[in-house]
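Computation of the quantities below employed the complete heavy-atom set of this structure, encompassing side-chain atoms and omitting hydrogens, waters and symmetry-equivalent molecules.
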Amino acid sequence: MIEWSPSKIKAFQETLLAWYDKEKRDLPWRRDHAPYHVWISEIMLQQTQVQTVIPYYERFMAQFPTVEALANAKESDLMKAWEGLGYYSRARNLQRAAQQLVTDHHGVWPTTAEGLRELAGIGPYTAGAIASIAFGQPVPAVDGNAFRVFSRLLEIDDDIAKPKTRSVFEAAIQRMMPADRPGDFNQAIMDLGSSYMTAKNPDSAHSPVKAFNQAYLDGIEDQFPVKTKKPRPVPVDLLALVIRRGDQLLLLKRPNSGLLAGFWTFPMVDVAELQAASERDLVLESDLSRALQKWAMDEFKLALTAIGFTGGQQVTHTFTHRKWRISLVVADLAVDADLSYFPGQWLTPKAVAKTAFPKVQTKLFDQARALKLME
DNA sequence: GATACGTGGGC
DNA sequence: TGCCCAAGTAT
């Protein structure tokens, strides 16, 4: 990496902030610098594009306008508000932090990055963002944009996928923070990273800071940032059970930790586990049907009158680290089945709209409707 | 320090 | 499709 002189740093600050003053994006969370507004927007924006966040942010603020409202919200309402945004622990941590603010801090915000880090869901980036934007603290906010922008400006070739690299960038950026406008500086870097200095197809030739972009000037911009690749999602084959009782469907609550924690979905069976548990490979549908029936009997202590493949296309859903390939299987319950040990809940068609579901479950609902398994 | 954790968009 | 990316954090 290269070093900049104090005069060059000063020139960069002035160029960047002049551009920001003229071209900054008009975003809903930029109407003021209220810590609550900055905070909610920053959490929503984690790993999520601005265009996606805007409508969620507007609805969220209308529904939960204050820290107190958020702290006292029903979890089901909160999850419904967050439905579709992903990384749902963000929403749960949001409420925990709101409760921390109310109970531990008597409603008074910590104003330093270190203090903000104590709140649930606030890591080094978000702490820096809130401290600088809401409280004027001269601290860096190192997100993907900052990694990308400064790796090119300074030709920093440390691997940004490695946690310890963060400190390299924080140290470099700390030296450049303007004492008077740290929040605008950090936000200007983000705007720069999402306009001229994008990950793909950057337009550095027209960038307001092209004269400071060492990698561009050297014709090696495409080499920055350095980032090791992540492994591809692992395929997992699953069966989703559409267990019916009249017009109602059985849903199970997923564990409170792990993937899609706490959400209600169709009962899911891992095919590999099912096969491992059976005496031999399940090749014929009749074999699978018997195995499933045994599984259902064992797990639910319920009598099933029928169980079998539905025939439709597989539903696929890809997460960051898993690729689910799901086949629907239908089962109709005996009308006099004993439900006393039932580990789930029956969902009426009407209730579907009021409950928060993860995307994969809405895909399963769609497929079930297409197969005439439900309304 | 590596891995888990959602979803949508671009090519 | 598959792969990468998008204002990261928790464990």
Side-chain angles (χ1 to χ4, degrees), chain A residues 24-25 27-30 37-57 79 82-94 96-97 116-130 132-133 140-149 159-167 169 183 185-195 197-202 222 225 227-236 254-263 265 314 316-325 356-363:
Chain A
K24 68 179 173 187
R25 289 173 290 178
L27 299 169
W29 45 89
R30 286 183 176 174
H37 298 160
V38 176
W39 174 45
I40 299 301
S41 67
E42 292 299 344
I43 300 297
M44 286 186 171
L45 286 161
Q46 290 171 8
Q47 304 293 289
T48 310
Q49 295 184 337
V50 166
Q51 158 191 327
T52 301
V53 165
I54 290 174
Y56 280 92
Y57 177 85
M79 295 315 291
W82 204 267
E83 181 181 33
L85 260 189
Y87 286 152
Y88 298 96
S89 65
R90 289 185 294 175
R92 298 196 175 92
N93 283 333
L94 218 41
R96 277 189 219 120
L116 290 161
R117 283 295 303 277
E118 301 296 318
L119 300 171
I122 296 187
Y125 162 73
T126 307
I130 299 174
S132 62
I133 299 170
V142 187
D143 68 336
N145 287 304
F147 276 127
R148 186 169 59 256
V149 167
D159 183 355
I160 66 169
K162 300 204 173 305
K164 68 178 184 181
T165 298
R166 168 176 299 278
S167 62
F169 280 76
F185 181 88
N186 284 333
Q187 293 184 90
I189 294 299
M190 298 182 219
D191 278 16
L192 197 57
S194 60
S195 56
M197 298 186 69
T198 51
K200 293 173 184 173
N201 304 317
D222 59 346
K227 185 182 186 182
T228 54
K229 299 184 199 307
K230 289 174 181 171
R232 24 178 312 186
V234 177
V236 178
R254 296 179 61 82
N256 284 324
S257 63
L259 191 57
L260 306 179
F263 279 108
T265 66
Q314 277 191 331
T316 65
H317 188 80
T318 305
F319 302 97
T320 307
H321 57 302
R322 292 284 183 275
K323 178 177 182 176
W324 282 3
R325 300 183 296 207
F357 293 106
K359 186 66 184 175
V360 65
Q361 181 58 43
T362 66
K363 287 184 183 177

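For C:dT1 and B:dG6, the P atoms lie 23 Å apart once the distance is rounded to whole Å. Comparing C:dA6 with B:dG1, their C1' atoms sit 23 Å apart, to the nearest whole Å. Across C:dA7 and B:dA2, the matching C1' atoms stand 23 Å from one another, rounded to whole Å.
Rounded to whole Å, atom P of B:dT7 lies 15 Å from atom CZ of A:Arg322. B:dG10 atom P lies 7 Å from atom CD of A:Gln51, rounded to whole Å. Between A:Gln361 atom CD and B:dG6 atom P the separation is 15 Å, expressed in whole Å. Counting to the nearest Å, the P atom of B:dG8 and the OH atom of A:Tyr56 are 7 Å from each other. Rounded to an integer number of Å, the gap from CZ of A:Phe319 to P of B:dT7 is 6 Å.
Toward the 5' end of DNA chain B, the nearer of the two residues A:Asn201 and A:Phe357, judged by each one's closest nucleotide, is A:Phe357. Across the interface with DNA chain B, nearest-nucleotide mapping of A:Pro163 and A:Val360 shows A:Pro163 to be the residue nearer the 5′ end.
The side-chain contact (heavy atoms from CB on, under 4.5 Å) search around A:Gln314 returns A:Asp237, A:Arg325, A:Ser327, not counting sequence neighbours. Residues passing the side-chain contact (heavy atoms from CB on, under 4.5 Å) test with A:Ser257, sequence neighbours excluded: none. The ring pair (Phe, Tyr, Trp, His ring centres under 6.0 Å) check on A:His317 picks up A:Phe319, with sequence neighbours excluded. Residues forming a side chain to side chain donor-acceptor pair (under 3.5 Å) with A:Thr165 (at least two apart in sequence, or on another chain): none. Annotation: side-chain contact (heavy atoms from CB on, under 4.5 Å) contacts of A:Ser195 (sequence neighbours excluded): A:Trp19.
Counting non-hydrogen atoms under 4.0 angstrom, A:Lys363 reaches nothing in the nucleic acid.
Considering only the side chain of A:Arg90, B:dG6 comes nearest among B:dG6, B:dG1, B:dC5.
A distance-only check finds a donor-acceptor pair linking the side chain of A:Arg148 to the backbone of A:Gly193 [under 3.5 Å].
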Just by protein heavy atoms under 4.0 Å, how would nucleotides 4-11 of chain C read 5' to 3' in B, S and -?
BSBBBSS-
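At B:dT7, one or more side-chain N or O atoms of A:His317 fall inside 4.0 Å of OP1 or OP2 (strictly under the cut-off). One finds no side-chain N or O of A:His321 lying less than 4.0 angstrom from the OP1 or OP2 phosphate oxygen of B:dT3.
For the pair A:Arg25 and A:Asp191, the salt-bridge criterion is met [side-chain N within less than 4.0 Å of a carboxylate O].
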